[in-house]
Enquirer: 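Once you've had a glance at the structure underneath, I'll fire off some questions.
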Amino acid sequence: QVQLLESGGGAVQSGGSLGLSCIVSGNSISRRCMAWFRQAPGKEREGVAQLYTSTGRTDYADSVLGRFTISQDNIKNTVYLQMSNLRPDDTAIYYCAARSRSYCGSLSVADFDSWGQGTQVTVSS
């Protein structure tokens, strides 16, 4: 069983930066599809970015492309989401997710099996 623990959320001013971490236990992040999702109040959970750890292939939501970067550290067994040029509409609970299959599909909730508890990111204007 894969366990995910997010950290790094907080409050930041518009235009600021924030880095999120997802510590993975129970299995190696190698050869897995790891992702970040977010959910704002009253809205559906949406994919932010995903990473196929074997090849480094990434996918990003159009809304964050060029501003967010997903990355990995195999030694620390951790996945990161570096967020820059944050905007108020980035405000949401951010979730780390892992897929049981060892490849990435679409960046959709249904494709992922393991989820962290979420960490709040609040961007003020």
Enquirer: How long is the gap from CD on Q82 to CG on L18, to the nearest 0.5 Å?
Expert: 7.5 Å

Enquirer: Do the side chain of N77 and the main chain of I29 share a donor and acceptor less than 3.5 angstrom apart?
Expert: yes

Enquirer: Are R45 and Y95 in a cation-pi setup, meaning NZ or CZ lies under 6.0 angstrom from the ring centre and within 45 degrees of the ring axis?
Expert: yes

Enquirer: Please assess F68 against L86 for the test side chain to side chain contact (heavy atoms under 4.5 Å, CB included), listing each intermediate value before the final yes or no.
Expert: CA-CA 9 Å; F68 291 11; L86 284 162; 3.8 Å; yes

Enquirer: Please lay out, stage by stage, how W36 and L51 fare under the test side chain to side chain contact (heavy atoms under 4.5 Å, CB included).
Expert: CA-CA 9 Å; W36 288 93; L51 167 67; over 6 Å; no

Enquirer: Kindly indicate, with the supporting measurements, whether the criterion side chain to side chain contact (heavy atoms under 4.5 Å, CB included) is fulfilled by D113 and R101.
Expert: CA-CA 9 Å; D113 309 290; R101 297 178 182 268; 5.8 Å; no

Enquirer: Any link between V48 and V12 through a network of hydrophobic side chains (Ile, Leu, Val, Met, Phe, Trp, Tyr) touching at under 4.5 Å?
Expert: yes

Enquirer: How long is the span from the CG atom in L4 to the OG atom in S21, to the nearest 0.5 Å?
Expert: 12.5 Å

Enquirer: Hey, any chance V121 and V64 share a hydrophobic cluster, counting ILVMFWY side chains that come within less than 4.5 Å of each other, even indirectly?
Expert: yes

Enquirer: Taking atom types as modelled, find out whether E46 and Q39 have a side-chain donor-acceptor pair closer than 3.5 angstrom.
Expert: no

Enquirer: If you count every heavy atom of other residues, nucleotides or ligands that lies below 6.0 Å from Q117 atom CD, does the total exceed 12?
Expert: yes

Enquirer: Are R38 and D90 close enough, and set up right, to give a salt bridge (charged side-chain N to carboxylate O under 4.0 Å, His left out), and what steps lead you there?
Expert: CA-CA 9 Å; R38 67 186 183 185; D90 293 319; 2.9 Å; yes

Enquirer: With ring-ring contact (aromatic ring centres under 6.0 Å, His included) as the test, would you mind laying out the steps for F37 and W115 before giving the verdict?
Expert: CA-CA 10 Å; F37 288 76; W115 296 86; 4.9 Å; yes

Enquirer: Is a side-chain N or O of T53 found less than 3.5 angstrom from the main chain of R31, in a donor-acceptor match?
Expert: yes

Enquirer: Is there a donor-acceptor contact under 3.5 Å linking the side chains of S108 and S106?
Expert: yes

